[in-house]
Student: 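Quick one: this structure, given as structure tokens, is what I'll be asking you about.
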2 protein chains.
Amino acid sequence: MAERIKGRVTLDAGRVVDAAVAVADADGFDAVSLSGVAAALGVRTPSLYHHVDGLGGLRRGIALRGIEGLGTALRDATIGRSGADALTAFADAYRDYAARHPGSYAAAQRTDLVDDGELHAAVDRGLQVLRAVVRPWEEDEERQVHLVRTVRSALHGFVMLEAGHGFGMPASRDESFALLVRLQVAALDAYAAAGGA
Amino acid sequence: MAERIKGRVTLDAGRVVDAAVAVADADGFDAVSLSGVAAALGVRTPSLYHHVDGLGGLRRGIALRGIEGLGTALRDATIGRSGADALTAFADAYRDYAARHPGSYAAAQRTDLVDDGELHAAVDRGLQVLRAVVRPWEEDEERQVHLVRTVRSALHGFVMLEAGHGFGMPASRDESFALLVRLQVAALDAYAAAGGA
DNA sequence: ACCTCTGCCTAATGCCTATAGGCTGTGCCC
DNA sequence: GGGCACAGCCTATAGGCATTAGGCAGAGGT
């Protein structure tokens, strides 16, 4: 496809994004620059334009990786589980992924990526997993949306605050997260018990 | 203090940050640049350095505004309320502030502002309000921390997702948020009923 | 009236993105 | 086996931004 052998291996869109993801996860999303990635690849900056569509395209590539990686992690974590068990596994996988790939996760939250069909589809694949997880508490698809948003908000918020060192108190963050998940389950139980109020 | 009258009013640290906040809230935090703010003020870029400490200082100023503004909004909203009533008012004020000041809110989440005493103190003032709000469900200060983190995560996550157009489904976001708040209350009730499990 | 100081300015540097156009080696085709 | 076409790297260049250095003018006190 786009692989040449000479002794020195040459570039490739995938390899460029690989390098960018590495920078993003190591030094933060804002630290990603074309010149930095080019330097990491041992190449001059303009050469990257043959593989990605400028800085915007590179960032989009990182975001797509983040979204897809998170989606598969979530899917893998919840396979064969249901109810509170599935929700807990989902939550742990979510937090774990964000902690391991802070740059890619942050990239996926860029607001300038709206109306991007491929990205939206990738996000939806992840949300389908969560939708399936909350189904035991709410059959109706219309109302599931609100539950999905609620759970997603809690997880996303925790993960963002944790990544941004937003938790100043010395109390254990693991413990806080475990409580958060338990409270989500309790909330869903209460919701179902009340018949979807 | 730093106000001169000539016919043309001159600069001031406060005025510079004012202009920056206006840009941030209108065009997004990432759109804030020294050159843009200088242009908005009818001034050349280097002139700003007499009032703020470069781009970093300007961003910090925006963040501080966001944190303090949010804190006072939260305090005002919860005065004279308690229990579920207070939590609902807190949540509504939180979301409302973030929606009205997206740039300042985003600025307040920058990860590069750790170990900044003044900022931390401002954040703590806001968190004290939330601490007081959850007190009816948990007296113990150690364990309050986890509840504060949980509620804060849910609100922060919702607000961030909403600001980033993360909710693709056409379902009402107001309704989702109202449910989120109700579920937080239900979760806290279940927590208290179980004696802090 | 002068002197100082505050606070604006111009000038210049360096890093970044982005575009245009040249050069080289690979692999195919004759 | 030799030339031809092309992929993919390169240099050169332009323009935007942050940042620093140093000049200049007006306000206010003495």
Side-chain angles (χ1 to χ4, degrees), chain A residues 1-24 26-63 103 106-107 110-113 116, chain B residues 1-24 26-63 103 106-107 110-113 116:
Chain A
M1 231 40 170
E3 192 127 348
R4 259 198 301 166
I5 305 99
K6 164 61 198 313
R8 202 160 291 274
V9 196
T10 50
L11 254 46
D12 183 311
R15 220 177 295 266
V16 172
V17 176
D18 284 345
V21 166
V23 173
D27 304 337
F29 179 73
D30 290 340
V32 173
S33 69
L34 288 177
S35 64
V37 169
L41 290 166
V43 146
R44 302 292 184 156
T45 306
S47 305
L48 300 181
Y49 283 81
H50 286 274
H51 305 286
V52 296
D53 187 13
L55 182 61
L58 187 63
R59 287 176 169 166
R60 184 184 174 280
I62 302 172
R110 306 290 300 182
T111 73
D112 46 292
L113 300 173
D116 182 314
Chain B
M1 237 27 179
E3 191 125 352
R4 263 201 295 168
I5 306 99
K6 164 63 198 307
R8 202 160 291 272
V9 196
T10 49
L11 254 45
D12 182 311
R15 219 179 297 268
V16 172
V17 176
D18 284 346
V21 166
V23 173
D27 304 337
F29 179 74
D30 289 340
V32 174
S33 69
L34 288 177
S35 65
V37 170
L41 289 166
V43 147
R44 301 292 183 154
T45 306
S47 305
L48 300 181
Y49 283 80
H50 287 274
H51 306 285
V52 296
D53 186 15
L55 181 61
L58 187 64
R59 287 177 169 166
R60 183 184 175 280
I62 303 173
R110 304 292 298 184
T111 73
D112 46 294
L113 301 172
D116 181 314

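Within every chain, numbering begins at 1; the chains are lettered A, B, ... in the order of the sequence lines, protein sequences first and strands thereafter. Values below: every heavy atom of this structure, side chains too, minus hydrogens, waters and symmetry copies.
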Student: How close or far is atom P of dA7(D) from atom CG of Asp12(A), stated in whole angstroms?
Tutor: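 That distance rounds to 15 Å.
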Student: Rounded at 0.5 Å granularity, tell me how far CG in Asp53(B) sits from CG in Leu48(B).
Tutor: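 Rounded to the nearest 0.5 Å, the CG-CG separation comes out at 12.0 Å.
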Student: Is the count of non-hydrogen atoms from other residues, nucleotides or ligands lying under 6.0 Å from Asp112(B) atom CG greater than 12?
Tutor: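 Atom CG in Asp112(B) is crowded, with more than 12 foreign heavy atoms closer than 6.0 Å.
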Student: By the definition side chain to side chain contact (heavy atoms under 4.5 Å, CB included), identify the one residue from Val21(B), Val37(B), Val23(B) that meets it with Leu58(B).
Tutor: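 One option only clears the test, and that one is Val37(B).
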Student: Find the distance between CG (Leu55(A)) and OG1 (Thr45(A)) and round it off to the nearest 0.5 Å.
Tutor: 11.0 Å
Student: Measuring from Arg59(B):CZ to Ser33(B):OG, what's the distance to the nearest 0.5 Å?
Tutor: 9.5 Å
Student: Please report the closest heavy-atom contact between Val32(B) and Ala20(B), naming both atoms and the distance.
Tutor: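 Val32(B) and Ala20(B) have their closest heavy atoms at CG2-O, 3.9 Å.
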Student: Does a side-chain N or O of Ser47(B) approach OP1 or OP2 of dG7(C) to a distance below 4.0 Å, or not?
Tutor: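 For dG7(C), neither OP1 nor OP2 has a side-chain N or O of Ser47(B) closer than 4.0 Å.
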Student: For DNA chain D, what residues of residues 33-45 of chain B have any heavy atom nearer than 4.0 Å?
Tutor: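 Those residues are Ser33(B), Leu34(B), Ser35(B), Thr45(B).
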Student: Return the residues of residues 48-62 of chain A meeting this criterion: a heavy atom under 4.0 Å from some atom of DNA chain D. Order them by number, or give none.
Tutor: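 By residue number: His50(A), His51(A).
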Student: Quick one, Val16(B) and Val43(B) - any side-chain contact, counting heavy atoms below 4.5 Å?
Tutor: no
Student: Should Arg110(B) and Asp116(B) count as an ion pair when the cut-off is N to O under 4.0 Å?
Tutor: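 No, Arg110(B) and Asp116(B) are not salt-bridged.
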